[in-house]
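Computed from a predicted model, the values in this text were never measured in an experiment.
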Amino acid sequence: MTSPDATPPSADRELLSMDPSAKIHIPFYDEKGKRRTLADVRNIGIMAHIDAGKTTVTERILFYSGRIHRTGEVHEGAATMDHMKEEQERGITITSAATNAEWKGCQLNIIDTPGHVDFTAEVERSLRVLDGAVAVFDAQAGVEPQSETVWRQANRYNVPRICFLNKMDKAGADFDMAVDSIRTRLGAKAFPIQYPIGQANDFHGIIDILENVAMIYDDESQGRRWHEEPVPENLREKVDELRLAIVEAAAETDDELLERYLGGEELHRDDLLLGIRKGVMNGHIVPVMCGSALRNKGIQRLMDAICYFLPCPLDITTIVGEHPDTGEKIERHPDYDEPLAALAFKTVADKNGDLYFVRVYSGKLEQGMQLWNAVRRKRERVGRLVIMHAAEREAVEELKAGHIGAVVGFKDTYTGDTLCTKDAPILLESMSFPETVISMAIHPKSRGDRDKLGLALTRLAKEDPTFRAYTDDETGDTIISGMGELHLEVLVSRLLNEFRLDCEVGRPKVAYRQTLKKACDIEGRHVKQSGGRGQFAVSRVKIEIHDETENTFESTIVGGSVPKEYIGPVEQGVMWGCDEGFPLGFPFVKLHFNLHDGKHHDVDSSEMAFKESGRLVLRNAVAKVGVDILEPWMSVMITAPEANLGDVLGSLNQRRGQVDRTESGSGDAMRIYGHVPLAEMFKYAEVLRGLSQGRGVYTMEPFEYRTVPSSIADGIRKEIEAEKANRKK
């Protein structure tokens, strides 16, 4: 009988400490030979497609580590990490939640991230500050659309990963299919280090490929007990094949291991663990494990793998930033004694004081400490320091390098801001978030609610970088915009429940954009004379259309026709015009502006005059070449029974959709991949259910902006004109 609570053997503890003699040159010991505590810290995220079981996996990790003493289930609205009312009612994770636990001498700082595409920004900002991640997959579905999204996000930040195939007890579970989908669709170098004994209803154990042993679970012990048996004979050939593959992969990570392996020496478990860890660090190995979190199988071994294979803060030997004034490259290291470098990655509005989640990369944060926000160029003071366990706060005196916690007391800090000291400033890489694609009007019912609405929207916008709120200058309406229907539904629900606002909301609308029909060379001339000092500014700008959604600006002025001090105002004016969105009210995108000539007057020129000339550049360009309306297109994946495939494809064609491919899923299910305009997808869930006897589901995420067909564009223009006419009445 094996007990998961037992202290691991000395060889395992040495692996956890990763002694430099193992040829992974990390400073786990100081110059006096004393072990550094950061060697036993793991900052990890749990990421996956919606409903793959991330929160249940996290719940079991907390249970087996002793952090909680009974498990709460997601479907019952009782999961520890889903603490928001909206999460409990909907049974999904909406906001990333932090917690911590200890396992076999390791401190696990865990962030449970959302799986729904509308909340992808939560995953983005979490992965920015994490050292490693566990990617959870539904063993019946394999790689799903949001799995691909979060995998790409992890690639962007070079986050080492291990995979956990969850729900091995689910009907249709297929381990080999799921592993193959990880390899083919994600391009990952996936190597199973476990193999299931039975699948679906027959799943009752797991084979440890590294140890060549089968673990059979005792269902009555909530996964606390199991016994070991030899590998079943019917699986021996398969296990030997998988073991050979992982042994070769591990050997290739280290010259010494490879030499021993090629010399015919057998590599033992400790050798393999060291080789696999090195492969995980450099992305050449992605270990694949399996189990059933809901049935309490496989979680303890997953926790072991987190400790063995995923990096500690010391593995990130150098943190590179730049001086906020000079742009000079600056290096920091995960050391308590170095100057402070921390990144604020999440803000949470709270009645007990707003929380600012931070990752400390070097130095330490202390209560009452004076800080410098290198982005806002403002001073901040640390009020209180806490570490989080879902919604619970645990006060601490300090946060040292390598740790994640939260600060209460900041005033002017936002997501992505760097915190440091003023005498040792540094600017760390921030984060980028996608543009919003859907909007709706919101109307408070009473004057009192109108006064409170502005404050509530400001707090939500500070908390969520993918939420926008603004006032339409022509209608006076308050407009909120976000990443999808569910995103806006949740935000409106929070306004009602958290902020106690009584509001009416309009019908969701597509967030259209516009761009110029073609490139042009335009002059913006702002000349006024009305006695006294006049206003004089002329800007000559080439405007090109490029593929990037964001607008860009450059100056190629030669000879001082526009002095340097006025180039910035021209850019401000141009971007002001883009946001203003004349003539349709939609922001401009995909434009590149090149200021190449102009004129100025020694007396009458000013920053304001050149700003206005920049604004006129875009208005004059619209008059000369006209505009195209752009609409957001979405990547969509639909799962439906094969018998209903024709009807579903027909519905996509009716919605101007483009089908890229279809492929077989589990059972009789088919998967359809394609792209569809967002304007055609409102309430599509109801349509799909009707076409598939209630069995069809779909997911979608932003893809790109495309030109609206002329017939639809004419309708949009007429609708805008009608709204303007009604306002005049």
Side-chain angles (χ1 to χ4, degrees), residues 43 96 98 111 121-122 124-130 157 313 316 319-350 352-388 393 396-433 455 457-469 568 572:
N43 295 312
S96 54
I111 295 182
E122 291 286 334
E124 180 82 16
R125 58 185 176 185
S126 296
L127 289 173
R128 168 64 182 85
V129 299
L130 293 171
Y157 295 115
I316 307 173
I319 300 96
V320 179
E322 63 181 38
H323 194 286
D325 295 324
T326 66
E328 177 189 358
K329 295 297 182 184
I330 301 174
E331 291 187 357
R332 294 279 194 270
H333 305 90
D335 193 309
Y336 308 152
D337 297 325
E338 289 210 7
L340 174 69
L343 187 74
F345 67 94
K346 179 179 172 68
T347 305
V348 177
D350 192 282
N352 298 316
D354 291 353
L355 286 169
Y356 299 83
F357 286 74
V358 296
R359 163 69 189 265
V360 183
Y361 286 97
S362 64
K364 58 187 175 182
L365 280 174
E366 297 177 306
Q367 195 166 306
M369 188 175 181
Q370 292 288 340
L371 303 179
W372 179 250
N373 186 320
V375 176
R376 313 288 163 185
R377 296 178 180 271
K378 292 186 177 181
R379 293 188 182 275
E380 290 280 25
R381 182 181 177 277
V382 179
R384 287 179 288 132
L385 291 168
V386 296
I387 55 175
M388 301 301 296
R393 306 180 181 188
V396 294
E397 293 296 321
E398 62 181 9
L399 282 176
K400 293 184 176 181
H403 288 272
I404 292 173
V407 180
V408 181
F410 289 162
K411 302 297 182 184
D412 295 297
T413 294
Y414 293 80
T415 296
D417 287 358
T418 300
L419 298 164
C420 55
T421 56
K422 193 169 184 180
D423 58 350
I426 186 173
L427 195 60
L428 301 176
E429 179 189 3
S430 186
M431 294 158 270
S432 60
F433 300 101
L455 176 61
L457 294 178
T458 299
R459 295 184 69 177
L460 288 178
K462 188 173 183 180
E463 184 175 318
D464 183 350
T466 58
F467 170 67
R468 304 283 187 273
Q572 293 172 18

Practice problem: In sequence, state the C-alpha distance, the side-chain angles, and the governing distance for Lys422 and Gln370, and then conclude on side-chain contact (heavy atoms from CB on, under 4.5 Å). | Solution: CA-CA 9 Å; Lys422 193 169 184 180; Gln370 292 288 340; over 6 Å; no
Quiz prompt | Stepwise side-chain contact (heavy atoms from CB on, under 4.5 Å) test for Glu463 and Asp354 | solution = CA-CA 9 Å; Glu463 184 175 318; Asp354 291 353; over 6 Å; no
Practice problem: Output, in order, the C-alpha distance, side-chain angles, deciding distance and verdict of side-chain contact (heavy atoms from CB on, under 4.5 Å) for Trp372 and Arg377. | Solution: CA-CA 7 Å; Trp372 179 250; Arg377 296 178 180 271; 3.8 Å; yes
Practice problem: Start with the C-alpha distance between Val129 and Met431, add both sets of side-chain angles, then the distance that settles side-chain contact (heavy atoms from CB on, under 4.5 Å), and finish with yes or no. | Solution: CA-CA 10 Å; Val129 299; Met431 294 158 270; 5.8 Å; no
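Counting heavy atoms from C-beta outward, Lys400 and Val360 have side chains that stay 4.5 Å or more apart. Side chains of Leu371 and Leu365 form a contact here, defined as non-hydrogen atoms less than 4.5 Å apart. The shortest distance between side-chain heavy atoms of Leu355 and Arg393 falls below 4.5 Å. Between Phe345 and Ile111, some side-chain heavy-atom pair lies under the 4.5 Å cut-off. Counting only heavy atoms from C-beta outward, the side chains of Phe357 and Arg125 never approach each other to under 4.5 Å. Residues Tyr356 and Leu419 form no side-chain contact, since every pair of their non-hydrogen atoms from C-beta on lies 4.5 Å or further apart. Counting only heavy atoms from C-beta outward, the side chains of Glu122 and Lys346 approach each other to under 4.5 Å. Residues Leu343 and Thr418 are in side-chain contact: their nearest non-hydrogen atoms beyond the backbone lie under 4.5 Å apart.
Taking CZ of Arg379 as the start and OG1 of Thr421 as the end, the distance is 10.0 Å to the nearest 0.5 Å. Taking CG of Leu340 as the reference point, atom CD of Glu366 lies at 10.0 Å (rounded to 0.5 Å). Annotation: the span from Tyr414 atom OH to Asn373 atom CG amounts to 10.0 Å, rounded to 0.5 Å. Rounding to the nearest 0.5 Å gives a distance of 6.0 Å between CZ of Phe433 and OG1 of Thr415. For the atom pair CD1 (Ile387) and CD1 (Ile404), the distance works out to 11.5 Å, reported to the nearest 0.5 Å. Within the model, atoms CG of Leu385 and CG of Leu399 stand 5.0 Å from one another, a figure rounded to the nearest 0.5 Å.
Residues Pro425 and His323 share a closest heavy-atom pair of CG-NE2, 3.6 Å. Summarising the geometry of Pro334 relative to Ala401, their closest heavy-atom pair is C-CB, 4.1 Å, with the distance given to 0.1 Å. Residue Gly383 comes nearest to Val407 through the heavy atom pair N-CG1, 4.4 Å, listed as atom of the first residue, atom of the second, then distance. Nearest heavy atom pair, residue Arg381 against residue Gly368, reads NH2-CA, 3.9 Å.
With hydrogens and angles ignored, the 3.5 Å screen pairs a side-chain donor or acceptor of Asn43 with a backbone N or O of Gly402. At least one donor-acceptor pair under 3.5 Å links the side chain of Glu338 to the backbone N or O of His333. Ser362 contributes a side-chain N or O that, together with a main-chain N or O of Pro339, makes up a donor-acceptor pair within less than 3.5 Å.
Atom CD of Glu328 sits in a sparse spot, with 12 or fewer heavy atoms from other residues, nucleotides or ligands closer than 6.0 Å.
Within the cation-pi definition used here (under 6.0 Å to the ring centroid, within 45° of the axis), Arg359 qualifies as a partner of Tyr361.
Each of Gln367, Lys364, Met369 was scored for a side-chain contact (heavy atoms from CB on, under 4.5 Å) with Glu398, with one residue passing: Lys364. Screening Lys462, Arg376, Glu380 against Thr413 for a side-chain hydrogen bond (donor to acceptor under 3.5 Å, both in side chains) leaves a single residue, Glu380.
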